[in-house]
Amino acid sequence: MSVVGERLQPTVFELSRPGRGGDKIPHPPAGALDRIPAAARRATPAALPELAEPDVVRHYVNLSHLNYAVDTGFYPLGSCTMKWNPKLNEWAARLPGFAGLHPMAPDAASQGTLQLLWELEGLLAEISGMQAVTLQPAAGAHGELTGLLMIRAYHRSRGDLARTDVLVPDSSHGTNPATATMAGFKTITIPSAPDGGVDVDAFRAALGPTTAGIMITNPSTLGLFERRIGELLDATHAAGALAYMDGANLNAILGRFRPGAAGFDVMHFNVHKTFSTPHGGGGPGAGPVGVGERLVPFLPSPRVVKEDDGSFRLERDGERSGSIGRVRSFFGSTGILVRAYAYIRAHGGSGLAEVTDDAVLAANYLKARLSGTYVVPFERACKHEFVASAADIKARTGVRTLDIAKRLIDRGYHPPTIYFPLTVEEGMLIEPTETESLETLDAFADVLIEIAREAETDPEIIKTAPHTAPVRRLDEATAARQPNLRWRGMTGAQTPCPD
Ligand SMILES: *Cc1c(COP(=O)(O)O)cnc(C)c1O
């Protein structure tokens, strides 16, 4: 049976008919092609599909309708904060002064953008309790790398070269150990305690003169606030190490907990999570990094500087000798930063605290609604997300979390994050965010409860789901290890990408 349903259409190459493409776009002016060196010119014409304009437009618009998006439905993906992106942000990011600014424009012609970036740094510093912020990193993982490079520079500047280890809890996002390794550190994994928090005794035992830093996600990837955070931070500093906070879950603590004030030395913001701009499909994002006093000298350059006369400029080369240098071209992901700025200014301080309160309320409501049907491994109140497990359902019926996720697609929902964190068997990490209505939350809970009942009465229909999606169940292992992403319908010179 084909895994492809009838809603998937032929490719534009299959729809192509010779001569059908519009010849309406003027050819290059006479002699233009002659100016390209012969060696750089094509020997055979590009094998572009030939289609009439309406066929091209319909092809892509229909394809776009196969997408699931926050604009079309609820998106309960945990650990990602796929929150509603207000249309106001889009208006702001498209203002010609921002969208049309050339990246090489001189400071004098970039005052508006520089001012916005300077103000956004200040807003993020205030929100996080950090001393200063860089907006350069392109995403959270890149922010982690930037933060760890600053930690490395800090220890080196003190001549302390023995600090080679970074402690990371076992519930952390995979980017934490990956980044620590990339920055040249050795990762030491700290187990979780039964309450879902970091095992403080194991943590203390691992700390020592070779510890460069620790990375803690707070609230954790289980949606739980790290209750003994003060003890963890004190122990870290007493050992001469620095504390990194993975700020991906800032959505749960805005206006209620300031990591810098609590003693964290450095953190990243996933502005595409906390401050909107849903990032499905791999980006773009932005991962600003906030630092406490000790790391300010090492911030990437160039920073935006405000002059006494009120004008703004970028730091000049070599102006701050301790800097770890550039981590990203130009100003960073400016469009995403404009959206974050618009989001923060539209909400204001009390509005951001309300975001957090509503996100936490929505998660606890869903958790309570599902807890009779699914196992909720951590009973205490969650923050913005929670883990539910289908381990019991699997034991009784053979239906796994993966099957339930696929069945949700039949019911018109994007599945939550599944099998993450790895520490919970058959886990689903569910994050509703603050913008969803009670009706939406109830409808989603009803469907998850119905699917659990269906597992008892008709497990086959779940195990073979999805039945209505454009693409049916794929062999997950083959799809991950040997993905076939290329269409090979053309031969010879017609092949767009010859072997
Ligand atoms: C999303 C996420 C990251 C990585 O952030 P990206 O912006 O996707 O690079 C790191 N840690 C946690 C906890 C996350 O949820």
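Each ligand, and each atom within it, is numbered from 1 in the order the structure gives. All figures in this text were calculated on a predicted structure; none of them were measured in a lab.
For Tyr413 and Phe444, the gap between ring centers is short of 6.0 Å.
Residues passing the salt bridge (charged side-chain N to carboxylate O under 4.0 Å, His left out) test with Arg339 are Glu90, sequence neighbours excluded.
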Per-pair distances, ligand 1 N/O vs protein N/O, less than 3.5 Å:
| unit_1 | atom_1 | unit_2 | atom_2 | d |
| --- | --- | --- | --- | --- |
| ligand 1 | 5 (O) | Asn270 | ND2 | 2.8 |
| ligand 1 | 7 (O) | Gly140 | N | 2.7 |
| ligand 1 | 7 (O) | Asn270 | ND2 | 3.0 |
| ligand 1 | 7 (O) | His272 | NE2 | 2.8 |
| ligand 1 | 9 (O) | Gly140 | N | 3.3 |
| ligand 1 | 9 (O) | Ala141 | N | 2.8 |
| ligand 1 | 11 (N) | Asp246 | OD1 | 3.3 |
| ligand 1 | 11 (N) | Asp246 | OD2 | 2.5 |
| ligand 1 | 15 (O) | Ser79 | O | 2.7 |
| ligand 1 | 15 (O) | Ser79 | OG | 2.9 |
| ligand 1 | 15 (O) | Lys273 | NZ | 2.8 |

For residues 375-383, which side-chain N or O atoms pair as donor and acceptor with protein atoms under 3.5 Å away, sequence neighbours left out?
| unit_1 | atom_1 | unit_2 | atom_2 | d |
| --- | --- | --- | --- | --- |
| Arg380 | NH1 | Phe225 | O | 3.2 |
| Arg380 | NH2 | Phe225 | O | 3.4 |

Extract all donor-acceptor atom pairs below 3.5 Å that involve side chains of residues 122-134 and protein atoms in other chains or at least two apart in sequence.
| unit_1 | atom_1 | unit_2 | atom_2 | d |
| --- | --- | --- | --- | --- |
| Ser128 | OG | Leu124 | O | 2.8 |
| Ser128 | OG | Ala125 | O | 3.4 |
| Ser128 | OG | Met130 | N | 3.2 |
| Thr134 | OG1 | Gln136 | N | 3.2 |

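Residues Phe264 and Leu242 have side chains not in contact (no heavy-atom distance under 4.5 Å, counting atoms from C-beta outward).
For the side chain to side chain donor-acceptor pair (under 3.5 Å) criterion with Asn251, the lone passing option out of Lys273, Lys83, His384 is Lys83.
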